[in-house]
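Reviewing the structure listed below.
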Amino acid sequence: MSKFKYFAPYSLPEASALLIKFGPEAAVISGGTDLMIKMRNKQIAPRYIIDLRQISGLDFIRLGDTGLSIGSRTTMATLCRSSAITKEYIALKNAARVLGSRQIRSIATLGGNLCNAAPSAEIAPPLLILGAQAQIYNPEGGRSIPLEQFFVSPSKTCIQQGEILESVFMARPEPGVYTTYCRNTTRKAMDIAVIGVSILLKVGKGQIIRQAKIALGAVAPTPILVPGLEDVLVGHSLKDNVINRASELAAACCKPINDLRSSAEYRREMVQVYVKRALIELKQQFD
Amino acid sequence: MKKTISLTVNGKVYRVEIKTTQRLLDVIRDKIGLLGTKEGCGAGECGACTVIMNGEAVNSCLVLAIKADGADILTIEGLAKEGSLHPLQKSFVEHGAIQCGFCTPGMVMSSKAFLDEHGGKKLTREKVKEGISGNLCRCTGYQKIIDAIIDYNTKSNN
Amino acid sequence: MEKFSVIGKSSPQLDAEKKVTGQARFVTDMRPAGTVFAKILRSPYPHARIVNINTARAERLIGVKAVITGENVPQHKFGPMIDDWEFLAKDRVRFVGDEVAAVAAIDEDLADEALDLIEVEYEELPAVFDPEEAIKEGAPLLHEGKKRNIAAIFEVEKGDMEAGFKQADYIFEDVYHTSQTYQAYLETKACIAVPDGGEGLILYLPTQIPSISQMRYAQFLGMPESKIRVVQPLVGGAFGGKFEYKSHIIAAQLARITRFPVKIVNTREEDFIAGNPRVPMKIYLKLGVKKDGTITAKEVKIYGANGARTVYAPAIVSTACYRNDSLYTYQNVRNLGYTVYTNTVPTGCFRGFGNSQAHFAMESALDMIAREIDMDPAELRLRNGVYKGYTSVHGWEILSCGLKECIEKATAKVDWLKKRSQPRDNNSKIKKGIGLAICNHVNGNRSFFPPFDGSTALVRISPYGKVTVFSGEADIGQGMNTVFAQIAAEALGVSLQRVRTAVVDTKISPFGLGTFSTRGTTVGGRAVYEAGVRAKNEFLKQASQVLGFSVGDLDIKNDMLINKTDPQKNMPFNEIAFIISSKTGGSPVMGQGTYIPDTVLPNENKYGNVSPAYSFGCQIAEIEVDTETGHVSIVNFVAAHDVGRVLNPLTLEGQVEGGTLMGIGWALTEEMIIKDGNVLNPNFLDYRVPTAMDIPENFENIFVESIDPNGPYGAKGVGEPAIDPTMAAVANAIFDATGVRINSIPILPEDIIMSLKKNNV
């Protein structure tokens, strides 16, 4: 690991000032599970490390009347255990539960998983379907953007110099909302997602779908939301042909690559299979 | 760049001078001299370096030492009390859960953490497998490790 | 029934308590006073000319004790099988990871920093990675004088091939591929070399071959053997991966230069890219079979990747060519094996040693043949399998054989015939399947080190009645030391608590070949037995002298010296030990035991008897395949092994469970992915060793005791047999479940899905 100077500021303004001062030679550390490996492999060699550990107000899960807010330094283990994450948000827990290993989940944080911007990031698809807004600190008073706009490309987010991801906010889903997350891996544990699928359905009278969102991981340069579901799912009940059309649509819209974990072809196949399975699972919940 | 941190390891408080690049694993092994915690991969992928930090199992190879400033750490050396094995350790021995022994300290610490987390509740075999799935063992095929944990769990329920 | 008091009973490993409390010390935990740390600069290119190396900046760094390159190290070539190793790459690098230079410095960070300061100018050369490409005329050559990159050819033909195939009603031909897998022991390769006065060195090595290391490293370093002492502390797993290794001699050389103890520990990535992983093989197999199932002829052609220099691949390829000919009774064989240089990591031993690759091909093929001739696969094995008293086509004498019993017990356990004939649910996405494979294995290999066979052990009784076993064989984590102690305790008539096996130290221990070829228990253990018997006789003789009893009246049982004529005169073993010591000027009671197997070194046509005993087994995998995702779950796994006699049920079960899971990993997930000479997955995230979630839901061990005439108390080894049949058992079960036959391992979920699509199943 290359040498670096370490700072653990006590506030976001201080942290932001350090990031502006050191520019691209600085890196933010939250849990560190990704950063430590990248530094060790010499993929990156930041000369300044800015640790968020002493900044209060980043480690919280709050369920309010308007919605659910999660601080960026919240660990996966905390997410798994939290009673604030209620049934409608369950996809988040599904994802947090399978990320890395138990030991990784003890220290890996929500912010880290998002800012690392891996196309396969487990926590991204659930946040996408839940319509998460990323709350970003900057010296100008901060900004809030939809998570769809947060990811730019592999390992790259929209975070600018001096900005720090503070939290994510998800408006309280309306009654009748069900969510889930599932993924395909080669090994049953300790693996990176070959593909990940997260689905939100709002069900109205007569089991008719009123709202539908499907997000996919590891099938494009960033986690993505499947467009065009309104036509396929909304207004329908989850009959076999509807499920099939939705899963075909999801498979058609992804742009997977061949890499050492899978071929593009298998990824596309699996999107179809997992979307189908997730829809069936949700159907069983509200049937 | 050097820094001084203090941390509690197995109930004792230590003040150590560290380089910023050092990991908790390096502090435990090289500064405090507790060599039971092993380095298997250095990347959080094998679990051999697992210790319990503030009540949670962590890969000590992924924790910058400086982030452990003020932390309460339990290592494999802190389990046995007054010369007698912790019942979980005893169960590992009796069930033949140990072959080469290199993964053993991390495996025991992982098991301890998730058993504690479940507060002594009775665990299924499936749950135990999940609990230790961040720890690789290449010798045993895990069957005897799972037996050891299940047996300990059953006995502590009786 | 013979009565035993120690063997046959479960005992945890004797050092388990040390291991579970973190007190056990591995080489990676050791740091003799004054230790400096060394790092190795490795080639980033698969094949390149070294134009220039500049170490000046590294040498100037304060705290750097020495920098070595190909220029200032011993210049001769050497190697365990072929002299194609250089101490450090001199003019050329031949694989990504090839050793170019090394630095010793006062700490690891500094050594790393110094490595970064070494400037190497390379000129890339054309490279070749696949053995079948490398053997073609015109392929880039790796070593001078090695035409078509051939490191070794193994050829054997017996019987009448033409007649054999003519007799056949059915000719089967197919091609198999086995991946390059990595041993993945949890402790990476390591070494500490300590200057020991004058020229001398003590090497602390986690190795399978302490005595051979002393001998070979003396040659490699150009030193007398007497100046090298090898000590083998605990080994954090080996599985064939810890034999002769470059970093050991690099540490030794740096210790000679600096006069400081030098420690080198591989990073996990180094261990992947520059360890000695399994020989990947392409296997062309042809079999002739009669309608009644009799195999009439077998022909095989194998290409194995040697990597950039020779470790043990030629022996491994030859094993793949012909070892399993002695599992069956066919008499017509033609085997041809090429070990071919490639610009990839040098390949070496790994549990199964080529026999596992051959088994995957043969046992998969027999499954297809059984279907073709409409015969049960178990029945086909029974029809062709060897039996006690049989001498195989290559001269292997089967003195004990529980193969039939293994097959019968394993199939009975799973209700084989019923499950095979059960109608399958065609509508279900989850398909069930069941598959079987059998195996043989040697217990020691006469051809491995031709000048030598056998083992010697010393059993010493201390004045306080404690017993120490000295052997040159190596416990590598599997528990051999515990089994040796059990054998000695049984032979002596004392309890196991009294007995310990000493750390191997070439200054003290007898010369021993080491741990490979599944020889530890059988060959090493037999020597321990002989030593135990002699120690007992010596103890009784001395006891009779000091106590004035007739030797014939004495015996040792349950830690007591028994007086058969008068039980009143029985005395505790330890008290007698002290009396003997007191009256003999402290002379320890010792027994030396030697076992020289009655093996025959194979002749030019590979006819001989390579091992004193042969192990057999039958494994059955019951699986479920998710036909939408290709995921395979092992629902039940039955491993039936002929182990001669069970010495320690607990450690035996553990060894089989571990070996089998390693085979399941190979069958389903494990492969080093190499592109343009670079290992793309040199880590435990993308090289997928099974986790606890990936194990069979249920696992059944069956042990068959065939009581071998040569093994200690009839015991035979199980280390390698545990993996030999596993891959084919799984592949056969996948075939049974899905109807798709995949001849290349690992069989990834994706492979199953693509095959299903291709076959429109």
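Residue numbering restarts at 1 for every chain, and letters A, B, ... go by the order of the sequence lines. Heavy atoms only: backbone and side chains are in, while hydrogens, waters and symmetry mates are out.
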Using 0.5 Å steps for rounding, measure from the [atom1] atom of [X] to the [atom2] atom of [Y].
X	Y	atom1	atom2	answer
Ser10(C)	Glu94(B)	OG	CD	12.0 Å
Glu697(C)	Arg125(B)	CD	CZ	10.5 Å
Cys46(B)	Asn683(C)	SG	CG	11.5 Å
Cys41(B)	Leu685(C)	SG	CG	9.5 Å
Glu45(B)	Arg688(C)	CD	CZ	11.0 Å
Glu657(C)	Gln143(B)	CD	CD	5.5 Å

Side-chain (Arg268(C)) to main-chain (Gly42(B)) donor-acceptor, under 3.5 angstrom
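No, Arg268(C) side chain to Gly42(B) backbone: no donor-acceptor pair under 3.5 Å.
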Can you check whether Pro690(C)'s main-chain N or O pairs, donor with acceptor, with Tyr142(B)'s side chain at less than 3.5 Å?
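Confirmed, Tyr142(B) side chain pairs with Pro690(C) backbone.
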Tell me, with the steps shown, if Thr21(C) and Gln89(B) meet side chain to side chain contact (heavy atoms under 4.5 Å, CB included).
CA-CA 7 Å; Thr21(C) 52; Gln89(B) 288 174 308; 3.9 Å; yes
Could you tell me which of [options] has the largest number of non-hydrogen atom pairs under 4.5 Å with chain B?
options	result
Glu653(C), Gln478(C), Lys18(C), Gln23(C)	Glu653(C)
Ala24(C), Ala184(C), Ser11(C)	Ala184(C)
Leu661(C), Thr482(C), Asn648(C)	Leu661(C)

So for atom [atom1], which belongs to [X], do other residues, nucleotides or ligands contribute more than 12 heavy atoms lying within a distance under 6.0 Å?
X	atom1	result
Glu17(C)	CD	no
Lys127(B)	NZ	no
Lys90(B)	NZ	no

Please classify the contact between Ile664(C) and chain B as side chain, backbone, both or neither, with a heavy-atom cut-off of under 4.5 Å.
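Answer is neither: Ile664(C) stays 4.5 Å or more from chain B.
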[X], part contacting chain C, at a heavy-atom distance under 4.5 Å:
X	result
Thr140(B)	backbone
Lys144(B)	both
His86(B)	neither
Thr37(B)	neither
Leu34(B)	neither
Val108(B)	side chain

Within-4.5 Å side-chain heavy-atom neighbours: [X] and [Y]:
X	Y	value
Pro12(C)	Phe92(B)	no
Asp107(C)	Lys19(B)	yes
Lys38(B)	Phe26(C)	yes

Salt bridge (Lys or Arg N to Asp or Glu O under 4.0 Å) evaluation trace for Glu670(C) with Arg138(B)
CA-CA 13 Å; Glu670(C) 289 185 41; Arg138(B) 191 62 155 168; 2.8 Å; yes
Would Thr28(C) and Glu39(B) satisfy side chain to side chain contact (heavy atoms under 4.5 Å, CB included), going step by step from the backbone distance to the final call?
CA-CA 9 Å; Thr28(C) 36; Glu39(B) 176 160 7; over 6 Å; no
For chain C, find which of Leu85(B), Thr75(B), Ile132(B), Leu79(B) contributes the most heavy-atom pairs closer than 4.5 angstrom.
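It is Leu85(B).
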Most contacts with chain C, counted as non-hydrogen pairs under 4.5 angstrom, among Gly141(B), Gly36(B), Ala43(B)
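The residue among Gly141(B), Gly36(B), Ala43(B) with the greatest pair count is Gly141(B).
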For residues 96-104 of chain B, give me every residue with a non-hydrogen atom less than 4.5 Å from any non-hydrogen atom of chain C.
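Listed by number: Gly96(B), Ile98(B), Gln99(B), Cys100(B), Gly101(B), Phe102(B), Cys103(B), Thr104(B).
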Ignoring hydrogens, what is the shortest heavy-atom contact between Val20(C) and Ile76(B)? Give both atom names and the distance.
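Scanning both residues, the minimum pair turns out to be O-CD1, 3.3 Å.
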List the steps, then state whether side chain to side chain contact (heavy atoms under 4.5 Å, CB included) holds for Cys139(B) with Phe239(C).
CA-CA 9 Å; Cys139(B) 296; Phe239(C) 315 113; 3.7 Å; yes
Would you please test Arg29(B) and Asp29(C) for salt bridge (Lys or Arg N to Asp or Glu O under 4.0 Å) and show each step?
CA-CA 9 Å; Arg29(B) 286 178 60 86; Asp29(C) 300 322; 2.8 Å; yes
